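Please read the structure below before turning to the comments.
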Amino acid sequence: MTVLVTGGAGFIGSHFVKLLLKKNVDVINLDALTYSGNLENLKEVQKNKKYSFVKGNIQDPKTVNRLAKKCSAIVNFAAETHVDKSIADPASFIKTDVIGTHVLLEAARKNDIRMIQISTDEVYGSIPKGSFSESDPLRPTSPYSSSKASADLLTLSYVHSYGLDACITRSSNNYGPNQYPEKIIPLFTTNAIEGKKLPIYGSGKQSRDWIFVTDNCRAVDVVLRKGKKGQIYNIGTGKNVNNLDVTKKILRLLKKDQSLIKHISDRPGHDQRYSINNSKIRKLGWKPTVTFDQGIKTTVDWYQQNEQWWKKIKTGEYLKFYKAHYKKLGL
Ligand code: NAD
Ligand code: TYD
């Protein structure tokens, strides 16, 4: 079996590539190496004979088709993923997350191969209490979640119109080693190590269901092997932690003072709470194995031990974006 993994140089994709290789599956990794793509995430496998890397864009049908011909499945992680960036500049989200997914769907259809579309719990929108199941309506609120919801609908339309063998996974917020320092956990961990402020949007009472990245990757692998055609699978732990508690845990692990916390203006249209019901994926034999306390310790340790990985990132264009971003938010 050869799997075309797109976005395999990013955070979740790189962990997934390593999982497939461990299972002796051949992998072709197609990645455009945008700002968040990083081949250092795959250093330990770059010489593996079962692994090959192609630098290319999922919006390019020629490249995608050439690679899809050699594969029996596509797993699409490639995307623009940061809510704040999508609010500042939505266009690239529509191009990659919607048009790019369409190119992959076409290639899967033409070559009659399986496709797993990696989506997010954000497509359901916020829920004050309880949790969403897979049949609930989509109410995305940001340009990011709307572009992912569009890709989900396109994927389902390919199942219904062409009989494409596709599944969708909707996972909750991932965290772990190798996450680009724009999402709250790696941003706050690296800021705290540098003695910089941790800018919490609004009250900090917003909450997420944090899943350790390798737990999500194991679930995606289960869906790749056992998921039923046309089905959607939520992937989450069923437990929420609010942003203030996440932040306090990071500071405690780093033995840093809580005075680094700084409340700033809220994110526009901030989704208060995401929560999904995971009983469907559990029926395929999966369950989460890493508690938040274990996972956050592993993550904070990794960022402490791998300063060379993130210090290179937190320069140039990265700093320019944050300077403008925080100016707007009053930091
Ligand atoms: P990431 O930003 O770390 O990685 C994205 C990867 O895609 C990068 O390597 C980038 O170079 C590549 N890429 C971007 N545009 C591309 C294009 N046009 N062609 C080819 N490659 C391209 O993101 P991530 O956090 O690893 O997210 C991966 C997937 O998981 C996304 O689809 C995201 O929507 C989904 N997801 C993420 C989370 C999360 O908490 N991070 C939660 C749920 C779902
Ligand atoms: P983020 O990691 O951007 O993921 P998402 O918005 O996709 O859930 O944000 C997680 C939560 O942390 C969210 O409620 C917004 C909040 N947050 C902050 O308070 N400050 C920050 O600087 C960032 C990046 C996020």
Side-chain angles (χ1 to χ4, degrees), residues 5-17 29-39 41-42 54-60 63-64 75-87 92-93 95-97 99-101 103-104 117-123 126 141-142 144-145 147-148 151 169-176 178-188 191 197-211 213 216-217 220 234-236 241-244 246-247 261-267 269-274 276 322 325-326 329 331:
V5 177
T6 65
F11 165 48
I12 309 174
S14 61
H15 284 277
F16 186 70
V17 166
N29 172 15
L30 171 65
D31 196 298
L33 299 182
T34 66
Y35 76 94
S36 64
N38 188 344
L39 287 178
N41 297 344
L42 293 159
V54 177
K55 183 170 181 213
N57 199 309
I58 60 165
Q59 294 164 58
D60 170 14
T63 304
V64 168
V75 183
N76 178 30
F77 290 93
E80 291 291 335
T81 67
H82 188 35
V83 173
D84 292 326
K85 280 210 162 76
S86 82
I87 294 168
S92 58
F93 288 73
K95 286 181 193 147
T96 291
D97 301 9
I99 297 171
T101 303
V103 170
L104 296 171
Q117 170 62 10
I118 305 300
S119 183
T120 161
D121 63 354
E122 301 194 26
V123 297
S126 189
T141 58
S142 70
Y144 163 59
S145 52
S147 68
K148 295 297 290 188
T169 67
R170 292 184 181 147
S171 94
S172 58
N173 286 61
N174 284 228
Y175 69 104
N178 307 95
Q179 186 168 30
Y180 190 86
E182 64 187 352
K183 308 287 164 57
I184 189 170
I185 289 178
L187 177 69
F188 283 12
N191 274 11
K197 292 279 182 204
L198 313 188
I200 291 198
Y201 297 148
S203 66
K205 293 289 180 195
Q206 303 82 2
S207 75
R208 302 290 186 257
D209 170 348
W210 290 102
I211 186 167
V213 61
N216 179 29
C217 289
V220 172
N234 287 344
I235 304 171
V241 190
N242 77 41
N243 296 339
L244 211 46
V246 169
T247 308
I261 294 175
K262 168 122 173 127
H263 289 267
I264 59 171
S265 309
D266 211 349
R267 173 188 274 174
H270 197 164
D271 283 342
Q272 296 297 303
R273 179 175 178 269
Y274 295 136
I276 46 175
Y322 278 100
H325 181 62
Y326 292 136
L329 295 170
L331 184 68

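Just follow the structure's listing: the first ligand is 1, and inside any ligand the first atom is 1. All values reported here derive from a predicted model rather than from experimental measurement.
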> Of all the non-hydrogen atoms in the protein, which one sits nearest to atom 20 (N) of ligand 2, and at what distance?
Replying inline: Pro199 O, 2.8 Å
> Gly100 near ligand 1, heavy-atom distance under 4.0 Å?
Replying inline: no
>> Using side-chain heavy atoms (C-beta onward) and a distance below 4.5 Å, is Ile118 in contact with Val75?
In response: yes
> In the protein, what heavy atom is nearest to atom 21 (N) of ligand 1, and what distance, to one decimal place, separates them?
Replying inline: Ala32 N, 3.1 Å
>> For Ser119, state whether at least one heavy atom is located under 4.0 Å from any atom of ligand 1.
In response: yes
> Does Thr81 come within less than 4.0 angstrom of ligand 1, counting non-hydrogen atoms of the residue?
Replying inline: yes
> Considering distance alone, does some N or O of Asn174 sit under 3.5 Å from an N or O of ligand 1?
Replying inline: yes
>> With heavy-atom distances below 4.0 Å as the criterion, list the atoms of ligand 1 near Gln59.
In response: 18 (N)
> Among all protein non-hydrogen atoms, which one is nearest to atom 16 (C) of ligand 2, and what is the separation to 0.1 Å?
Replying inline: Asn243 ND2, 3.4 Å
>> Geometry only, no angles: is Glu122 polar-contacting ligand 2 at N/O separations under 3.5 Å?
In response: yes
> In ligand 1, which numbered atoms sit nearer than 4.0 Å to a non-hydrogen atom of Asn173?
Replying inline: 40 (O)
> At a 4.0 Å threshold, what atoms of ligand 1 neighbour a non-hydrogen atom of Gly56?
Replying inline: 19 (N), 20 (C)
> Of the listed options (Thr63, Thr34, Thr101), which comes nearest to atom 10 (C) of ligand 1 when hydrogens are ignored and any heavy atom counts?
Replying inline: Thr34
>> Let's go through Ile235 and Val220 carefully: what are the C-alpha distance in whole Å and the side-chain angles of both, what is the deciding distance for side-chain contact (heavy atoms from CB on, under 4.5 Å) to 0.1 Å, and is it a yes or a no?
In response: CA-CA 9 Å; Ile235 304 171; Val220 172; 4.3 Å; yes
>> What protein heavy atom lies closest to atom 5 (C) of ligand 1? Include the residue and the distance to one decimal.
In response: Ala79 O, 3.7 Å
> So which of Ile58, Val64, Val103 gets nearest to atom 19 (N) of ligand 1, if we judge by its closest heavy atom?
Replying inline: Ile58
> Should you measure from each heavy atom of Ser36, which atoms of ligand 1 turn up under 4.0 Å away?
Replying inline: 1 (P), 2 (O), 4 (O), 5 (C), 8 (C), 10 (C)
>> Evaluate Asn173 for polar contact with ligand 2, using N/O atom pairs at a separation under 3.5 Å.
In response: yes
> Looking only at heavy atoms, is any part of Arg170 under 4.0 Å from ligand 1, and if so is it the side chain, the backbone, or both, or is it neither?
Replying inline: neither
> Nearest protein heavy atom to atom 6 (O) of ligand 2, by residue and atom, and its distance?
Replying inline: Arg267 NH1, 2.5 Å
>> Side chain, backbone, both or neither: which applies to Leu187 and ligand 2 if a contact is any heavy-atom pair less than 4.0 Å apart?
In response: side chain
>> Check this for me - ligand 2, Arg208, N or O atoms closer than 3.5 angstrom, yes or no?
In response: yes
> Looking only at heavy atoms of Phe77, does any of them come nearer than 4.0 Å to an atom of ligand 1?
Replying inline: yes
> In terms of the angle between their ring planes, are Phe16 and Phe77 parallel, tilted or perpendicular, with boundaries placed at 30° and 60°?
Replying inline: tilted
>> Quick one, Val83 and Glu122 - any side-chain contact, counting heavy atoms below 4.5 Å?
In response: yes
>> Determine whether Val64 and Leu104 satisfy the following criterion, side-chain contact (heavy atoms from CB on, under 4.5 Å), listing intermediate values before the conclusion.
In response: CA-CA 7 Å; Val64 168; Leu104 296 171; 3.6 Å; yes
>> Can you name the atoms of ligand 2, numbered from 1 with element, that are less than 4.0 Å from a heavy atom of Val83?
In response: 6 (O), 7 (O)
> Looking at ligand 2, does any of its N/O atoms fall within less than 3.5 Å of an N/O of Tyr201?
Replying inline: yes
> Are any of the side-chain heavy atoms of Lys148 and Gln117 separated by less than 4.5 Å?
Replying inline: yes
> Just which atoms of ligand 2 are under 4.0 Å from any heavy atom in Lys183?
Replying inline: 2 (O)
>> As an exercise, identify every atom of ligand 2 less than 4.0 angstrom from a heavy atom of His82.
In response: 3 (O)
>> Does ligand 1 come near enough to Thr96 that some N or O of the ligand is less than 3.5 Å from an N or O of the residue?
In response: yes
> When you measure from atom 38 (C) of ligand 1 to every protein heavy atom, which one gives the shortest distance, and what is it?
Replying inline: Ile12 CD1, 3.8 Å
>> Under 4.0 Å, heavy-atom basis, I'd like to know which part of Leu33 is in contact with ligand 1: side chain, backbone, both or neither.
In response: backbone
> Just heavy atoms, cut-off under 4.0 Å: does Ile184 contact ligand 2 by side chain, backbone, both, or neither?
Replying inline: both
> Quick one: are Ser172 and Ile276 in side-chain contact, heavy atoms under 4.5 Å?
Replying inline: yes
> N/O of Tyr144 under 3.5 Å from N/O of ligand 1, yes or no?
Replying inline: yes
>> Only heavy atoms of Ile200, strictly under 4.0 Å: list the atoms of ligand 2 that pass.
In response: 19 (O)
> Do any nitrogen or oxygen atoms of Trp210 come within less than 3.5 Å of a nitrogen or oxygen of ligand 2?
Replying inline: no
>> Could you tell me, atom by atom, which parts of ligand 1 come under 4.0 Å of a heavy atom of Ser171?
In response: 42 (C), 43 (C), 44 (C)
> Are any non-hydrogen side-chain atoms of Val213 and Gln179 less than 4.5 angstrom apart?
Replying inline: no
>> Using a 4.0 Å cut-off to any heavy atom of His270, which atoms of ligand 2 qualify?
In response: 13 (C), 14 (O), 15 (C)
> After noting the C-alpha distance and the side-chain angles of Ile58 and Leu30, does the key distance pass the side-chain contact (heavy atoms from CB on, under 4.5 Å) rule?
Replying inline: CA-CA 8 Å; Ile58 60 165; Leu30 171 65; 4.1 Å; yes
>> When you measure from the centre of the six-membered ring of Phe11, is the NZ or CZ of Lys183 closer than 6.0 Å and no more than 45° off the axis?
In response: no
> For ligand 2, which atoms, with element, lie under 4.0 Å from some heavy atom of Tyr274?
Replying inline: 8 (O)
> Do Asn41 and Tyr180 have side chains that get closer than 4.5 Å, going by heavy atoms?
Replying inline: no
>> Closer than 4.0 Å to some heavy atom of Ser172 - which atoms of ligand 1 meet that?
In response: 42 (C), 43 (C)
> Just heavy atoms, cut-off under 4.0 Å: does Trp210 contact ligand 1 by side chain, backbone, both, or neither?
Replying inline: neither
> Does Tyr175 have a heavy atom less than 4.0 Å from any atom of ligand 1?
Replying inline: no
> Any side-chain heavy atom of Tyr144 sitting closer than 4.5 Å to one from Lys85?
Replying inline: no
> Of the protein's non-hydrogen atoms, which lies at the shortest distance from atom 4 (O) of ligand 1, and what is that distance?
Replying inline: Gly10 CA, 3.4 Å
> Which residue owns the protein heavy atom closest to atom 3 (O) of ligand 1, what's the atom, and how far is it?
Replying inline: Phe11 N, 2.9 Å
> Does any donor atom in the side chain of Tyr322 or Asn191 lie under 3.5 Å from an acceptor atom in the other side chain?
Replying inline: no
> Nearest protein heavy atom to atom 22 (C) of ligand 1, by residue and atom, and its distance?
Replying inline: Ala78 CB, 3.7 Å
> Counting each atom of ligand 2 from 1 as listed, which ones have a heavy atom of Glu182 under 4.0 Å away?
Replying inline: 24 (C)
>> Against ligand 1, does Ser14 come closer than 4.0 Å with any heavy atom?
In response: no
> Can you list the ligand 1 atoms lying under 4.0 Å from a non-hydrogen atom of Lys148?
Replying inline: 31 (C), 32 (O), 33 (C), 34 (O)
> Between the candidates Asn57, Asp31, Ile118, which shows the shortest non-hydrogen contact distance to atom 18 (N) of ligand 1?
Replying inline: Asn57
> Under 3.5 Å, is there a donor-acceptor pair between the Thr141 and Asp271 side chains?
Replying inline: yes
